[in-house]
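Reckoned from all heavy atoms, side chains included, excluding hydrogens, waters and symmetry mates.
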Amino acid sequence: MFDYTFQWRTALRALPDMLEGAVVTFETAALSMIFGVLIALALLAMRETPNIATRAVAGTWVSIARNTPALFQIYIVYFGLGAIGLHVSSWAALLAGITFNNAGYLAENFRGGLKAIPDTQVRAARSLGMSSFQAYRLVVVPQLLRIVFYPITNQMVWAVLMTSLGVIVGLNNDLTGVTQDYNVRTFRTFELFALAAVIYYLIAKLIVAIARLLAWRLFRY
């Protein structure tokens, strides 16, 4: 009835390569967050402009990113662009897909954070002689980042987990890709993916711990 024999040594022998894959996973997630934050800030600025076309473009991005599966977004980059002759690597497709998704969610988080800052803050800054750009850079953005710090942390964890979708488009050097590569060679599915799950869990917990430490250092006053 239950005759499965666990062979954890096989999984442990794969651990060094899996840890190397974990580094690729973290680097990919970090890059997607950097690009995602920058694009999200641009989308936020676009949604706050009086130009209808600009607002529509930003709103469409956010709506698509938040209401379609991340896997489909990666598929569109990898297979969709490939269908019209624009071929990108598996890693680039994964990075672009996650960045697109991150930007959409972060833009909405930033918009909520911006709404939480009273308009009087900007008017007070302008009355002190600041330009509009200075008022936003020195007064609004620091408060905005404080408000959205934990949602950004949550999105970083989600980005790490989303990198596992890269295996669907042939990525084989991240954590999930390395794990699947060992799986097809050894057929120790449970042991390998259980170990990979533990690594993902530890990465997520490390991100949260670092975020809490940074929050304590940056926002204790």
Side-chain angles (χ1 to χ4, degrees), residues 1-37 65-66 68-79 82 88-106 109 149-216:
M1 179 174 160
F2 183 77
D3 58 355
Y4 186 85
T5 302
F6 293 101
Q7 296 182 16
W8 291 104
R9 289 184 179 179
T10 302
L12 292 176
R13 282 197 295 268
L15 182 59
D17 289 336
M18 293 173 69
L19 291 177
E20 290 183 9
V23 173
V24 175
T25 289
F26 183 82
E27 290 174 347
T28 304
L31 280 174
S32 74
M33 284 299 297
I34 292 171
F35 294 141
V37 166
R66 286 165 53 87
T68 59
L71 179 60
F72 288 7
Q73 296 160 19
I74 297 170
Y75 267 11
I76 290 298
V77 176
Y78 190 74
F79 295 109
V88 297
S89 67
S90 299
W91 181 81
L94 176 65
L95 178 62
I98 298 177
T99 298
F100 179 86
N101 190 273
N102 283 342
Y105 277 94
L106 289 171
N109 288 332
F149 182 80
Y150 285 112
I152 289 176
T153 302
N154 184 67
Q155 193 65 32
M156 176 62 188
V157 172
W158 181 235
V160 168
L161 301 182
M162 279 196 294
T163 60
S164 62
L165 297 174
V167 72
I168 304 298
V169 291
L171 187 65
N172 61 2
N173 64 341
D174 71 320
L175 177 54
T176 299
V178 171
T179 304
Q180 176 61 11
D181 186 51
Y182 271 95
N183 177 50
V184 298
R185 284 187 283 160
T186 65
F187 300 102
R188 310 314 302 179
T189 304
F190 180 87
E191 296 91 327
L192 288 166
F193 281 97
L195 184 57
V198 170
I199 296 174
Y200 275 114
Y201 180 85
L202 293 176
I203 293 173
K205 285 298 184 181
L206 179 61
I207 291 170
V208 172
I210 293 173
R212 287 177 176 172
L213 178 61
L214 286 174
W216 180 79

Which atom pairs, donor and acceptor, lie under 3.5 Å between side-chain atoms of residues 17-28 and protein residues at least two apart or in another chain?
{"from": "D17", "atom 1": "OD2", "to": "Y182", "atom 2": "OH", "distance (Å)": "2.3"}
{"from": "T25", "atom 1": "OG1", "to": "G21", "atom 2": "O", "distance (Å)": "3.2"}
{"from": "T25", "atom 1": "OG1", "to": "L175", "atom 2": "N", "distance (Å)": "3.1"}
{"from": "T28", "atom 1": "OG1", "to": "V24", "atom 2": "O", "distance (Å)": "2.8"}
{"from": "T28", "atom 1": "OG1", "to": "W91", "atom 2": "NE1", "distance (Å)": "2.8"}

**Request:** Decide yes or no on side-chain contact (heavy atoms from CB on, under 4.5 Å) for L106 and M33, but give the supporting numbers first.
**Result:** CA-CA 9 Å; L106 289 171; M33 284 299 297; 4.0 Å; yes
**Complete:** Residues at least two apart in sequence or cross-chain that pass side chain to side chain contact (heavy atoms under 4.5 Å, CB included) with F35, listed by chain then number, are L31, L95, T99
**Partner residues of L206 under the side chain to side chain contact (heavy atoms under 4.5 Å, CB included) criterion, sequence neighbours left out** = I210
**Prompt:** Taking atom CD of Q73 and atom CD1 of I98, what is their separation to the nearest 0.5 Å?
**Reply:** 10.0 Å
**Complete:** All heavy atoms of V167 vs all of G177, minimum pair found to be CG2-CA, 4.3 Å
**Prompt:** Do you know the tightest heavy-atom contact between S164 and D174?
**Reply:** CA-OD2, 4.3 Å
**Prompt:** Could you state the interatomic distance from CG (L15) to OG1 (T10), rounded to the nearest 0.5 Å?
**Reply:** 13.0 Å
**Fill in**
With sequence neighbours left out, the residues meeting side chain to side chain contact (heavy atoms under 4.5 Å, CB included) with F79 are Y75, V169
**Request:** Taking all heavy atoms of A196 and all of T179, pick out the closest pair and write down the distance.
**Result:** CB-OG1, 3.6 Å
Got a list of side-chain donor-acceptor pairs under 3.5 Å for residues 150-161, not counting sequence neighbours?
{"from": "T153", "atom 1": "OG1", "to": "F149", "atom 2": "O", "distance (Å)": "3.1"}
{"from": "Q155", "atom 1": "NE2", "to": "N102", "atom 2": "OD1", "distance (Å)": "2.7"}

**Nearest heavy atoms of A92 and S89, plus distance in Å** = N-OG, 3.1 Å
**Request:** Using the side chain to side chain donor-acceptor pair (under 3.5 Å) rule, collect all pairs that involve residues 185-203, keeping only residues at least two apart or in two chains.
**Result:** Y4-R188, Y4-E191, T176-Y200, D181-R185, N183-T189, R188-E191
**Complete:** When rounded to the nearest 0.5 Å, the distance separating CG of L171 from CG of L94 is 6.0 Å
**Asked** To the nearest 0.5 Å, how far apart are OG in S32 and CG in N101?
**Response** 9.0 Å
**Asked** Measuring from R13:CZ to L192:CG, what's the distance to the nearest 0.5 Å?
**Response** 10.5 Å
